[in-house]
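The structure appears right after this line, and notes come after that.
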Amino acid sequence: MVGGVLLLTVLAYARTLGNGFIDFDDPESVVDNVTIRELSPENLGQYLTTPLQYMYTPLTSLSYAVDYRIGGLDPGVYHLTNLLLHLGNTVLVLLVVRALTGRALVSRLVTGAFAIHPVNVDAVAWISARGTLLATLFLLGALLAYTGYLRRLADGDRRWHLLALAWVLFVLAALAKSTAVVLPLILLLWDHHLSRRPSWGLLLEKVPFLAVSVVVGLVTLRFRTDLHGTDPYHPVDRFFLFTSVCVAYLRRLVAPHPLSFVYAYPERTGGHLPWQLYLTPLVLCLLVGLLSLLGVPGKVLVLGLSFFLVTLVLTQAVLLADNHQANRHVYLPYLGLYLVGAVLVERVLT
């Protein structure tokens with residue numbers, strides 16, 4: 001099954017290998033980025049102390065440097081790396097979902113959706129989206145290690161090396177893209193799903209992870225100097241903007257057309273957003289109720305929908321021209337929705 005999915009994924013994305021660079025972020029990230037042209041201690045220090053496109057992504061810069069070492073400015077090399085990372089993520093999705101649920105059909109459905117969903121084209125086909133692919137790779141690796149730790153813990157075998165491995169992989173994920181700092185919350189969702197009883201020991205395990213989140217978060221805020229000078233939206237507006245974004249992504253999950261590289265922010269008229277945006281919280285509540293009526297277990301709903309929200313929320317924290325409903329932002333969050341959908345399909349089929 002894995003081989004077939006990987007082959008289908010390669011066929012779906014093969015044309016990207018002939019693509020070039022684009023004028024959006026690729027010049028700053030790769031083409032005109034002189035720091036990637038030599039793997040030297042000085043440049044490594046530059047990656048660790050200087051933002052790339054206002055983001056703290058030293059590991060992503062290092063990956064570009066490796067690509068440059070292999071093929072210079074041949075865009076095919078960079079596209080091939082993106083594709084290989086997506087293939088690696090696809091395998092990890094299968095392993096993580098299987099380890100978490102123990103359900104073969106569910107893991108296969110989630111993996112297939114992740115591998116070829118059209119919305120993921122943004123993350124895979126755009127060279128400057130490398131950070132999303134890298135962060136997902138290490139974050140999934142951390143979740144796989146943590147799931148193994150929890151499974152052995154349930155059997156009375158406290159394998160601390162698996163927890164330590166999860167922490168190391170989390171550090172790498174955070175250095176690839178700072179949105180990975182939400183992992184401590186995801187680990188708590190994992191604990192809940194696997195019926196782990198709350199305890200001080202459970203919370204203490206998360207302290208090293210939380211420390212990484214705080215440090216990387218503070219560094220990222222220091223470098224995040226590209227924010228809008230004036231925010232046209234009030235806090236209440238921001239809430240409805242977020243719920244409307246969630247509804248838009250839910251629609252594209254089942255009807256991914258039309259797709260765009262960027263999406264315009266809604267305008268306020270007379271001090272108000274378009275009226276339909278105020279209905280989106282109700283739409284989300286009705287959807288949760290419908291899924292429950294259709295028989296999706298409560299634990300699956302909590303895990304899947306919370307995973308979607310937790311991994312999505314930071315992408316909406318700032319207002320940027322390319323930030324509103326950018327498809328690459330659901331590369332990881334959609335896994336939660338795939339899980340809910342896969343469990344629903346399994347219930348219908350069996």
Side-chain angles (χ1 to χ4, degrees), residues 1 5 89-120 123 132 136 139-140 142-144 146-147 150 179 182-183 185-196 242-257 259 279-316 325 327-350:
M1 181 269 176
V5 170
N89 287 335
T90 300
V91 173
L92 283 172
V93 165
L94 177 66
L95 297 176
V96 169
V97 178
R98 180 180 292 172
L100 179 68
T101 66
R103 296 153 83 168
L105 179 58
V106 168
S107 60
R108 291 170 183 171
L109 290 172
V110 172
T111 303
F114 176 81
I116 60 173
H117 198 288
V119 170
N120 284 347
T132 296
T136 299
L139 193 144
L140 288 172
L143 287 176
L144 184 61
Y146 188 73
T147 307
L150 292 184
T179 51
V182 298
L183 182 65
L185 295 177
I186 299 174
L187 298 184
L188 291 175
L189 292 176
W190 248 238
D191 291 335
H192 175 266
H193 187 76
L194 293 177
S195 301
R196 194 176 179 198
F242 181 67
T243 57
S244 68
V245 164
C246 291
V247 170
Y249 283 139
L250 286 166
R251 181 191 66 78
R252 290 193 198 104
L253 180 72
V254 295
H257 178 80
L259 296 177
L279 300 179
T280 51
L282 177 61
V283 172
L284 294 176
C285 291
L286 290 174
L287 178 62
V288 173
L290 177 61
L291 289 170
S292 182
L293 288 174
L294 290 174
V296 179
K299 275 194 173 183
V300 173
L301 281 177
V302 170
L303 176 63
L305 298 181
S306 297
F307 184 94
F308 172 69
L309 295 174
V310 164
T311 53
L312 181 65
V313 67
L314 288 184
T315 67
Q316 300 299 312
Q325 299 184 31
N327 296 323
R328 64 189 177 278
H329 291 155
V330 287
Y331 182 75
L332 177 64
Y334 261 6
L335 284 179
L337 302 185
Y338 296 150
L339 177 64
V340 173
V343 170
L344 182 59
V345 170
E346 182 191 54
R347 180 175 177 81
V348 171
L349 294 179
T350 57

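Just the heavy atoms: all of them, side chains too, but no hydrogens, waters or symmetry mates, feed the values below.
Between the CG atom of L140 and the CG atom of L95 there is a distance of 9.5 Å, given to the nearest 0.5 Å. Note that CG of L332 is 5.0 Å distant from OG1 of T311, once rounded to the nearest 0.5 Å. One finds the CG atom of L139 at 11.5 Å from the OG1 atom of T132 (value rounded to the nearest 0.5 Å). Note that NZ of K299 and OG1 of T101 are 13.5 Å apart. Values are rounded to the nearest 0.5 Å. Distance check, rounded to the nearest 0.5 Å: CG of L337 to CG of L305 gives 6.5 Å. Distance check: Q325 CD to S244 OG gives 6.5 Å after rounding to the nearest 0.5 Å.
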Please list every donor-acceptor pair under 3.5 Å in which a side-chain atom of residues 339-350 meets a protein atom from a residue at least two apart or in another chain.
| residue | atom | partner | partner atom | Å |
| --- | --- | --- | --- | --- |
| E346 | OE1 | R103 | NE | 3.1 |
| E346 | OE1 | R103 | NH2 | 2.5 |
| R347 | NE | L294 | O | 3.2 |
| T350 | OG1 | E346 | O | 2.5 |

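Across A115 and V5, no two heavy atoms sit closer than the pair CB-CG1, 3.6 Å. The shortest heavy-atom contact between L259 and P118 is CD1-O, 3.9 Å. When all heavy atoms of L183 and A142 are compared, the pair lying nearest together is CD2-CB, 4.0 Å.
For residues 106-117, the set of pairs meeting the side chain to side chain donor-acceptor pair (under 3.5 Å) definition, not counting sequence neighbours, is empty.
Contact check for W190 versus V96: side-chain heavy atoms found under the 4.5 Å cut-off. With contacts defined as side-chain heavy-atom distances shorter than 4.5 Å, the pair R252/H257 does not qualify. Between L143 and L187 the shortest side-chain heavy-atom distance falls below 4.5 Å. Two residues are said to be in side-chain contact when any heavy atoms from C-beta on lie closer than 4.5 Å; T280 and C246 fail this criterion. The shortest side-chain heavy-atom distance between V330 and L253 does not fall under the 4.5 Å cut-off. Side-chain atoms of L303 and L100, non-hydrogen and from C-beta on, do get closer than 4.5 Å to each other. Under the 4.5 Å side-chain criterion, counting only non-hydrogen atoms from C-beta, V93 is not in contact with Y338. For the pair L109 and F114, the minimum side-chain heavy-atom distance is 4.5 Å or more.
Between Y249 and Y334, the ring-plane angle classifies as perpendicular under the 30° and 60° cut-offs.
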Test log, rule side chain to side chain contact (heavy atoms under 4.5 Å, CB included), inputs L309 and V313: CA-CA 6 Å; L309 295 174; V313 67; over 6 Å; no
Between Y331 and N89, does the side-chain hydrogen bond (donor to acceptor under 3.5 Å, both in side chains) criterion hold? Intermediate values first, please. CA-CA 10 Å; Y331 182 75; N89 287 335; 3.0 Å; yes
